[in-house]
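This report refers to the structure that appears directly beneath it.
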Amino acid sequence: MGLTVQAFVAISGGEMNKSFCMLAAVAAVPMVQAAHVQELRAELQVGETQVLELKGNPTTGFSWALAEPLPADSPVQVTIEYEAAASPRGVVEVGRGGVFKVRYTGVAPGRAVVVLVYARPWEKDEAPHMKTILTVTVK
């Protein structure tokens, strides 16, 4: 969520007091931003697994997750795991982003729509920052 912050500078005797300026937030108004939406299609065979890599940084509180659990009779199974990116020196650094690996496996012929959202899990009333809609056809 972005915030718009309005501020003011303390004024003394009609002039700005150069030795003392106070900057204060007088209003924090949430900005509504449209989520970035990406639509993808995939085809696979029963028993085949494919991997979709989505960039992310969980140190910001954001993570990729299923928007809704898949139904029990879904033709695909989905798992998501995070892999931190190594720095140019080859070590994992705190605060550095990485990729969320979305593995989807065909378990029965059919079609499934997998909706993934990049959001902060505790911000239930906020729109997701990004959304990926993956339509999978299993043959």
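Here, residue 1 is the first one in the sequence, and each next residue gets the next number. Just so you know, these numbers come straight off a predicted model, no measurement behind them.
Take P121 and apply the side-chain contact (heavy atoms from CB on, under 4.5 Å) test, not counting sequence neighbours, and it matches S63. For E48, the side chain to side chain donor-acceptor pair (under 3.5 Å) test picks out Q50, with sequence neighbours left out. Taking T59 as the reference, N57 meet the side chain to side chain donor-acceptor pair (under 3.5 Å) condition, with sequence neighbours excluded. For T79, the side-chain contact (heavy atoms from CB on, under 4.5 Å) test picks out R103, with sequence neighbours left out. With sequence neighbours excluded, the residues forming a side-chain contact (heavy atoms from CB on, under 4.5 Å) with A67 are V115, V117, listed by chain and number. Checked against side-chain contact (heavy atoms from CB on, under 4.5 Å), A119 has the following partners two or more places apart in sequence or in another chain: P128. Under the rule for a side chain to side chain donor-acceptor pair (under 3.5 Å), the partners of T105 that lie at least two apart in sequence or sit in another chain are T49.
Using a 4.5 Å heavy-atom cutoff, the side chains of L54 and Y118 are not in contact. V46 is not listed as a side-chain neighbour of V107, based on a closest heavy-atom distance of 4.5 Å or more. Counting heavy atoms from C-beta on, the side chains of I80 and L116 come closer than 4.5 Å.
Note on ring orientation: taking the six-membered ring where Trp is involved, the planes of Y82 and F100 are tilted (angle from 30° to 60°).
Sorted by first and then second residue, the pairs that involve residues 50-62 and meet salt bridge (Lys or Arg N to Asp or Glu O under 4.0 Å), not counting sequence neighbours, are E53-K101.
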Residues 132-139 side chain polar contacts: donor-acceptor under 3.5 Å, at least two apart:
from, atom 1, to, atom 2, distance (Å)
T132, OG1, Q38, NE2, 3.1
K139, NZ, E43, OE1, 3.3

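Between the CZ atom of F62 and the CD atom of E123 there is a distance of 6.0 Å, given to the nearest 0.5 Å.
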Note to self: Checking V78 against L70 for the side-chain contact (heavy atoms from CB on, under 4.5 Å) test, could you report, in this order, the C-alpha distance in whole Å, the side-chain angles of both residues, the deciding distance, and whether it holds?
What the structure shows: CA-CA 8 Å; V78 176; L70 294 173; 3.6 Å; yes

